[in-house]
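Encoded as C-alpha coordinates, the structure appears first; notes follow it.
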Amino acid sequence: MSSAYRTHDIAVEAGSLLVGEWNPDATGMPWLLVHGVTASHLAWAWLAAEAPERRLIAPDLRGRGRSERGEGPLGMAAHADDLVAVVDTLGVEQVVVIGHSMGAFVSAVLADRHAGRVDRVVLVDGGLPLELPPGMSPREAVRHVLGPTAARLERRFADQGEYRDFWRAHPAFVDREDPLLDSYFAYDLVGAAPSLRPATSLSTVEEDSIDQNAGDAIGRAIERMPRPTTLLAAERGLRGEVPPLYPDLDALRATHPRLRDVRRVDGVDHYSIVMSAAGAREVARAAGEAG
(Lines give C-alpha, C1' and ligand atoms only; values in the text may rest on other atoms or scores of the structure.)
Protein backbone atom coordinates (compact mmCIF):
# COMPACT_ATOMS: atom_id res chain seq x y z
CA MET A 1 0.00 0.00 0.00
CA SER A 2 1.19 3.52 -0.82
CA SER A 3 2.93 5.61 1.83
CA ALA A 4 0.11 8.11 1.18
CA TYR A 5 -2.32 5.65 2.79
CA ARG A 6 -3.28 5.49 6.44
CA THR A 7 -6.13 4.23 8.60
CA HIS A 8 -8.15 5.67 11.46
CA ASP A 9 -10.47 4.22 14.09
CA ILE A 10 -13.38 6.64 14.27
CA ALA A 11 -16.14 6.54 16.85
CA VAL A 12 -19.74 6.48 15.61
CA GLU A 13 -23.00 6.04 17.49
CA ALA A 14 -22.87 2.24 17.37
CA GLY A 15 -19.16 1.79 18.09
CA SER A 16 -16.12 2.31 15.90
CA LEU A 17 -15.37 2.26 12.19
CA LEU A 18 -12.03 1.60 10.56
CA VAL A 19 -11.52 4.27 7.91
CA GLY A 20 -8.93 4.12 5.15
CA GLU A 21 -7.56 7.36 3.77
CA TRP A 22 -5.41 7.93 0.72
CA ASN A 23 -3.53 11.15 -0.03
CA PRO A 24 -4.54 12.94 3.20
CA ASP A 25 -2.59 16.06 2.28
CA ALA A 26 -4.16 16.49 -1.16
CA THR A 27 -5.94 19.77 -1.80
CA GLY A 28 -9.42 20.14 -3.23
CA MET A 29 -12.70 18.59 -2.18
CA PRO A 30 -12.25 15.05 -0.78
CA TRP A 31 -14.03 12.05 -2.24
CA LEU A 32 -15.98 9.92 0.25
CA LEU A 33 -16.06 6.30 -0.96
CA VAL A 34 -18.81 3.89 0.11
CA HIS A 35 -18.29 0.19 -0.65
CA GLY A 36 -20.78 -2.60 -1.40
CA VAL A 37 -22.76 -4.95 0.80
CA THR A 38 -20.06 -7.59 1.47
CA ALA A 39 -16.99 -5.49 0.63
CA SER A 40 -14.51 -3.28 2.51
CA HIS A 41 -12.69 -0.01 1.97
CA LEU A 42 -9.98 -1.84 0.00
CA ALA A 43 -12.41 -2.18 -2.90
CA TRP A 44 -11.32 1.40 -3.65
CA ALA A 45 -7.59 0.66 -3.97
CA TRP A 46 -7.84 0.75 -7.77
CA LEU A 47 -9.49 4.19 -7.64
CA ALA A 48 -6.70 5.37 -5.34
CA ALA A 49 -4.18 4.34 -7.99
CA GLU A 50 -6.11 6.24 -10.66
CA ALA A 51 -6.60 9.40 -8.59
CA PRO A 52 -3.32 10.09 -6.75
CA GLU A 53 -4.11 13.81 -6.61
CA ARG A 54 -7.34 13.33 -4.66
CA ARG A 55 -7.93 12.90 -0.94
CA LEU A 56 -9.96 9.70 -0.61
CA ILE A 57 -11.84 8.76 2.56
CA ALA A 58 -13.12 5.18 2.60
CA PRO A 59 -14.73 3.61 5.68
CA ASP A 60 -15.41 -0.03 6.34
CA LEU A 61 -19.16 0.14 6.93
CA ARG A 62 -20.60 -1.32 10.14
CA GLY A 63 -20.07 -5.06 10.32
CA ARG A 64 -17.61 -5.13 7.42
CA GLY A 65 -13.84 -5.28 7.26
CA ARG A 66 -12.50 -4.17 10.63
CA SER A 67 -15.49 -2.05 11.67
CA GLU A 68 -17.68 -3.08 14.57
CA ARG A 69 -21.21 -4.32 13.97
CA GLY A 70 -22.34 -2.54 17.12
CA GLU A 71 -25.77 -2.45 18.68
CA GLY A 72 -28.91 -1.07 17.16
CA PRO A 73 -30.37 -1.31 13.66
CA LEU A 74 -28.43 -1.21 10.43
CA GLY A 75 -29.85 0.22 7.21
CA MET A 76 -29.14 3.00 4.75
CA ALA A 77 -29.92 5.85 7.16
CA ALA A 78 -27.71 4.43 9.92
CA HIS A 79 -24.78 4.08 7.51
CA ALA A 80 -25.37 7.58 6.13
CA ASP A 81 -25.27 9.06 9.64
CA ASP A 82 -22.07 7.11 10.37
CA LEU A 83 -20.48 8.70 7.32
CA VAL A 84 -21.28 12.17 8.61
CA ALA A 85 -19.56 11.25 11.88
CA VAL A 86 -16.51 10.17 9.87
CA VAL A 87 -16.17 13.41 7.91
CA ASP A 88 -16.87 15.44 11.05
CA THR A 89 -14.02 13.69 12.86
CA LEU A 90 -11.67 14.29 9.93
CA GLY A 91 -12.60 17.97 9.79
CA VAL A 92 -14.18 17.81 6.32
CA GLU A 93 -17.09 20.13 5.52
CA GLN A 94 -18.21 18.84 2.11
CA VAL A 95 -17.44 15.83 -0.08
CA VAL A 96 -18.04 14.22 -3.42
CA VAL A 97 -19.74 10.92 -2.57
CA ILE A 98 -19.04 7.81 -4.66
CA GLY A 99 -20.94 4.65 -3.78
CA HIS A 100 -20.75 1.19 -5.32
CA SER A 101 -23.57 -1.40 -5.22
CA MET A 102 -25.24 -1.12 -1.79
CA GLY A 103 -22.88 1.77 -1.09
CA ALA A 104 -24.64 3.68 -3.86
CA PHE A 105 -27.93 3.36 -1.95
CA VAL A 106 -26.17 4.61 1.19
CA SER A 107 -24.73 7.50 -0.84
CA ALA A 108 -28.15 8.52 -2.15
CA VAL A 109 -29.56 8.53 1.38
CA LEU A 110 -26.56 10.49 2.67
CA ALA A 111 -27.14 13.18 0.03
CA ASP A 112 -30.79 13.37 1.03
CA ARG A 113 -30.37 13.39 4.83
CA HIS A 114 -27.30 15.63 4.86
CA ALA A 115 -27.50 17.54 1.57
CA GLY A 116 -25.32 20.39 2.83
CA ARG A 117 -22.38 18.00 3.31
CA VAL A 118 -22.52 16.62 -0.24
CA ASP A 119 -21.40 18.43 -3.38
CA ARG A 120 -22.41 15.71 -5.86
CA VAL A 121 -22.98 11.98 -6.03
CA VAL A 122 -21.72 9.18 -8.28
CA LEU A 123 -23.77 5.99 -8.09
CA VAL A 124 -21.75 3.03 -9.39
CA ASP A 125 -23.91 0.08 -10.50
CA GLY A 126 -26.32 0.64 -7.65
CA GLY A 127 -28.47 3.21 -5.89
CA LEU A 128 -31.66 2.72 -7.92
CA PRO A 129 -34.25 -0.05 -7.42
CA LEU A 130 -33.56 -3.33 -9.19
CA GLU A 131 -36.19 -5.26 -11.10
CA LEU A 132 -37.09 -8.40 -9.11
CA PRO A 133 -39.42 -11.28 -9.97
CA PRO A 134 -43.05 -10.53 -9.00
CA GLY A 135 -43.97 -11.64 -5.49
CA MET A 136 -40.39 -12.12 -4.31
CA SER A 137 -39.91 -11.15 -0.66
CA PRO A 138 -37.10 -8.76 0.31
CA ARG A 139 -35.31 -11.60 2.15
CA GLU A 140 -35.54 -13.91 -0.88
CA ALA A 141 -34.23 -11.07 -3.04
CA VAL A 142 -30.92 -11.09 -1.14
CA ARG A 143 -30.00 -14.57 -2.35
CA HIS A 144 -31.61 -14.02 -5.75
CA VAL A 145 -29.39 -11.01 -6.49
CA LEU A 146 -26.21 -11.99 -4.66
CA GLY A 147 -26.36 -15.77 -5.20
CA PRO A 148 -23.01 -17.46 -4.40
CA THR A 149 -21.67 -14.18 -3.06
CA ALA A 150 -24.12 -14.46 -0.16
CA ALA A 151 -23.66 -18.22 0.22
CA ARG A 152 -19.92 -17.86 0.80
CA LEU A 153 -20.54 -15.88 3.97
CA GLU A 154 -21.53 -19.11 5.74
CA ARG A 155 -18.45 -21.03 4.56
CA ARG A 156 -15.17 -21.52 6.40
CA PHE A 157 -11.71 -21.54 4.77
CA ALA A 158 -8.50 -23.26 5.85
CA ASP A 159 -6.21 -20.41 4.77
CA GLN A 160 -5.93 -17.36 2.55
CA GLY A 161 -4.94 -19.49 -0.44
CA GLU A 162 -8.16 -21.48 -0.30
CA TYR A 163 -10.18 -18.28 -0.14
CA ARG A 164 -8.32 -16.75 -3.08
CA ASP A 165 -8.87 -19.97 -5.05
CA PHE A 166 -12.58 -19.71 -4.27
CA TRP A 167 -12.65 -16.28 -5.87
CA ARG A 168 -10.49 -17.35 -8.81
CA ALA A 169 -13.39 -19.54 -9.93
CA HIS A 170 -15.76 -16.58 -9.96
CA PRO A 171 -16.41 -15.30 -13.51
CA ALA A 172 -15.63 -11.75 -12.44
CA PHE A 173 -12.10 -12.69 -11.31
CA VAL A 174 -11.06 -15.73 -13.35
CA ASP A 175 -7.60 -15.38 -14.94
CA ARG A 176 -6.94 -12.11 -13.11
CA GLU A 177 -3.52 -11.82 -11.49
CA ASP A 178 -3.52 -8.63 -9.47
CA PRO A 179 -1.75 -7.90 -6.15
CA LEU A 180 -4.56 -5.54 -5.18
CA LEU A 181 -7.02 -8.43 -5.46
CA ASP A 182 -4.80 -10.60 -3.26
CA SER A 183 -4.70 -7.86 -0.62
CA TYR A 184 -8.43 -7.28 -0.84
CA PHE A 185 -9.32 -10.95 -0.33
CA ALA A 186 -6.78 -11.46 2.46
CA TYR A 187 -8.24 -8.48 4.32
CA ASP A 188 -11.73 -9.94 3.97
CA LEU A 189 -10.91 -12.91 6.22
CA VAL A 190 -11.19 -12.91 10.01
CA GLY A 191 -10.82 -15.58 12.66
CA ALA A 192 -8.10 -18.20 12.85
CA ALA A 193 -6.98 -21.00 10.54
CA PRO A 194 -8.25 -23.54 9.71
CA SER A 195 -11.63 -21.87 10.21
CA LEU A 196 -11.27 -18.45 8.60
CA ARG A 197 -14.47 -16.70 7.60
CA PRO A 198 -15.50 -13.60 5.65
CA ALA A 199 -15.72 -10.53 7.87
CA THR A 200 -19.34 -9.83 6.91
CA SER A 201 -22.11 -12.04 8.31
CA LEU A 202 -25.14 -13.14 6.33
CA SER A 203 -27.46 -11.59 8.92
CA THR A 204 -25.77 -8.21 8.41
CA VAL A 205 -26.18 -8.52 4.64
CA GLU A 206 -29.82 -9.51 4.97
CA GLU A 207 -30.69 -6.63 7.29
CA ASP A 208 -29.06 -4.03 5.07
CA SER A 209 -30.36 -5.55 1.83
CA ILE A 210 -33.94 -5.63 3.08
CA ASP A 211 -33.71 -1.96 4.00
CA GLN A 212 -32.04 -1.20 0.66
CA ASN A 213 -34.86 -2.86 -1.26
CA ALA A 214 -37.85 -1.96 0.89
CA GLY A 215 -36.89 0.83 3.31
CA ASP A 216 -38.39 4.30 3.38
CA ALA A 217 -35.10 6.21 3.40
CA ILE A 218 -33.99 5.15 -0.08
CA GLY A 219 -37.43 5.80 -1.55
CA ARG A 220 -37.40 9.37 -0.28
CA ALA A 221 -33.82 9.91 -1.40
CA ILE A 222 -34.45 8.74 -4.96
CA GLU A 223 -37.62 10.82 -5.25
CA ARG A 224 -35.97 14.03 -4.03
CA MET A 225 -32.38 13.55 -5.22
CA PRO A 226 -31.28 16.97 -3.93
CA ARG A 227 -27.66 16.86 -5.14
CA PRO A 228 -26.34 16.45 -8.72
CA THR A 229 -26.25 12.70 -9.29
CA THR A 230 -24.65 10.52 -11.97
CA LEU A 231 -25.24 6.79 -12.47
CA LEU A 232 -22.53 4.58 -13.96
CA ALA A 233 -23.90 1.18 -15.02
CA ALA A 234 -21.72 -1.85 -15.77
CA GLU A 235 -22.03 -3.73 -19.03
CA ARG A 236 -22.31 -7.08 -17.20
CA GLY A 237 -23.71 -8.37 -13.93
CA LEU A 238 -22.34 -9.93 -10.74
CA ARG A 239 -21.17 -13.09 -12.49
CA GLY A 240 -20.13 -11.45 -15.73
CA GLU A 241 -23.54 -12.11 -17.25
CA VAL A 242 -25.78 -10.21 -19.64
CA PRO A 243 -28.22 -8.64 -18.93
CA PRO A 244 -26.55 -6.55 -16.22
CA LEU A 245 -28.23 -5.17 -13.11
CA TYR A 246 -29.43 -2.12 -15.04
CA PRO A 247 -30.24 -3.27 -18.59
CA ASP A 248 -32.39 -0.34 -19.78
CA LEU A 249 -30.74 3.03 -19.26
CA ASP A 250 -33.38 4.89 -21.27
CA ALA A 251 -36.03 3.63 -18.87
CA LEU A 252 -33.94 4.80 -15.92
CA ARG A 253 -33.61 8.26 -17.42
CA ALA A 254 -37.38 8.45 -17.92
CA THR A 255 -38.19 7.10 -14.45
CA HIS A 256 -35.65 9.23 -12.60
CA PRO A 257 -35.56 12.58 -14.44
CA ARG A 258 -33.59 14.21 -11.61
CA LEU A 259 -30.51 12.16 -12.52
CA ARG A 260 -27.97 14.50 -14.07
CA ASP A 261 -26.36 11.78 -16.18
CA VAL A 262 -26.73 8.05 -16.84
CA ARG A 263 -24.03 6.20 -18.72
CA ARG A 264 -22.90 2.67 -19.53
CA VAL A 265 -19.32 1.62 -18.74
CA ASP A 266 -18.31 -0.88 -21.40
CA GLY A 267 -16.05 -3.86 -20.78
CA VAL A 268 -16.69 -4.19 -17.03
CA ASP A 269 -18.90 -6.23 -14.72
CA HIS A 270 -20.42 -5.36 -11.36
CA TYR A 271 -17.08 -5.93 -9.61
CA SER A 272 -14.53 -4.67 -12.10
CA ILE A 273 -16.35 -1.37 -12.54
CA VAL A 274 -14.48 -0.43 -9.34
CA MET A 275 -12.00 -3.28 -8.81
CA SER A 276 -9.94 -2.83 -11.97
CA ALA A 277 -7.86 -0.05 -13.47
CA ALA A 278 -10.21 0.37 -16.44
CA GLY A 279 -13.33 0.61 -14.29
CA ALA A 280 -11.74 2.86 -11.68
CA ARG A 281 -10.58 5.20 -14.43
CA GLU A 282 -14.19 5.74 -15.53
CA VAL A 283 -15.32 6.28 -11.94
CA ALA A 284 -12.56 8.85 -11.42
CA ARG A 285 -13.54 10.63 -14.62
CA ALA A 286 -17.19 10.87 -13.55
CA ALA A 287 -16.29 12.02 -10.03
CA GLY A 288 -13.95 14.70 -11.33
CA GLU A 289 -16.42 16.26 -13.75
CA ALA A 290 -17.68 19.71 -12.82
CA GLY A 291 -15.29 19.65 -9.92
Side-chain angles (χ1 to χ4, degrees), residues 1 5 7-8 10 12 16-22 30-51 54 56-69 74-76 78-87 95-111 121-127 142 145-146 149-150 152-153 167 172-173 180-181 183-190 198-201 204-205 207-209 211-212 218 231-232 234 238 245 268-276 279-280 282-284 286-287:
M1 199 65 66
Y5 165 84
T7 62
H8 312 267
I10 292 181
V12 297
S16 176
L17 302 186
L18 183 137
V19 179
E21 184 178 16
W22 285 272
W31 294 356
L32 179 64
L33 313 178
V34 193
H35 64 70
V37 68
T38 68
S40 74
H41 78 281
L42 288 186
W44 300 107
W46 291 263
L47 182 59
E50 294 296 324
R54 297 284 183 172
L56 307 180
I57 300 167
D60 287 344
L61 297 178
R62 289 193 204 182
R64 281 84 172 177
R66 302 298 178 267
S67 290
E68 298 175 0
R69 165 61 175 82
L74 295 174
M76 305 303 101
H79 291 306
D81 292 348
D82 285 350
L83 295 176
V84 172
V86 168
V87 295
V95 293
V96 177
V97 182
I98 307 170
H100 173 237
S101 194
M102 186 200 79
F105 290 85
V106 175
S107 299
V109 172
L110 172 64
V121 182
V122 180
L123 308 176
V124 184
D125 221 34
V142 176
V145 173
L146 296 178
T149 300
R152 89 175 194 283
L153 301 179
W167 279 107
F173 300 105
L180 292 180
L181 279 179
S183 296
Y184 173 85
F185 293 128
Y187 182 78
D188 191 40
L189 289 174
V190 297
T200 308
S201 70
T204 293
V205 169
E207 184 175 352
D208 271 336
S209 296
D211 185 68
Q212 168 190 306
I218 186 61
L231 173 71
L232 301 181
L238 277 83
L245 293 182
V268 297
D269 56 45
H270 180 73
Y271 290 99
S272 61
I273 196 171
V274 293
M275 296 173 67
S276 72
E282 293 304 313
V283 174

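- Atom-to-atom distance recorded for Arg62:CZ and Thr204:OG1 is 10.5 Å, nearest 0.5 angstrom.
- For Arg69, the salt bridge (charged side-chain N to carboxylate O under 4.0 Å, His left out) partners are Glu207, not counting sequence neighbours.
- The CG atom of Leu18 sits 14.5 Å away from the CZ atom of Arg64 when rounded to the nearest 0.5 Å.
- Shortest non-hydrogen contact noted between Trp46 and Val274 is CB-O, 3.4 Å.
- A donor-acceptor pair is defined here as one N or O able to donate and one able to accept, closer than 3.5 Å; such a pair exists between the side chain of His35 and the backbone of Leu61.
- Considering CG of Asp269 and CG of Leu238, their distance stands at 8.0 Å, rounded to 0.5 Å.
- The minimum heavy-atom distance between Ile57 and Pro30, with the atom names listed, is CD1-CB, 4.1 Å.
- The line from CG of Leu181 to CE of Met275 is 5.0 Å long, rounded to the nearest 0.5 Å.
- Note: Trp167 and Phe185 have parallel aromatic rings, judged against thresholds of 30 and 60 degrees for the angle between ring planes.
- Residue Pro59 comes nearest to Leu33 through the heavy atom pair CD-O, 3.4 Å, listed as atom of the first residue, atom of the second, then distance.
- Considering all non-hydrogen atoms of both residues, Leu42 and Tyr184 come closest at C-CD1, 3.7 Å.
- Across all non-hydrogen atoms, the minimal contact from Asp60 to Ser67 is O-OG, 2.5 Å.
- With respect to His79, the side chain to side chain contact (heavy atoms under 4.5 Å, CB included) criterion is satisfied by exactly one of Val12, Asp208, Asp211: Asp208.
- Counting only heavy atoms from C-beta outward, the side chains of Val37 and Ser209 approach each other to under 4.5 Å.
- The side-chain hydrogen bond (donor to acceptor under 3.5 Å, both in side chains) contacts involving residues 96-111 comprise Ser101-His270, where partners must be two or more places apart or lie in separate chains.
- The two residues Ala39 and Thr200 have their closest heavy-atom pair at O-OG1, 4.5 Å.
- The shortest distance between side-chain heavy atoms of Trp31 and Val122 does not fall below 4.5 Å.
- If you take CZ on Arg66 and OG on Ser16, they are separated by 13.0 Å, rounding to the nearest 0.5 Å.
- The side chain to side chain contact (heavy atoms under 4.5 Å, CB included) test with Val95 singles out one residue from Val121, Val86, Leu32, Val84, and that residue is Leu32.
- Separation of the Tyr187 and His41 ring centroids falls under the 6.0 Å cut-off.
- The structure places CG of Leu83 at 5.5 Å from CG of Leu110, a figure rounded to the nearest 0.5 Å.
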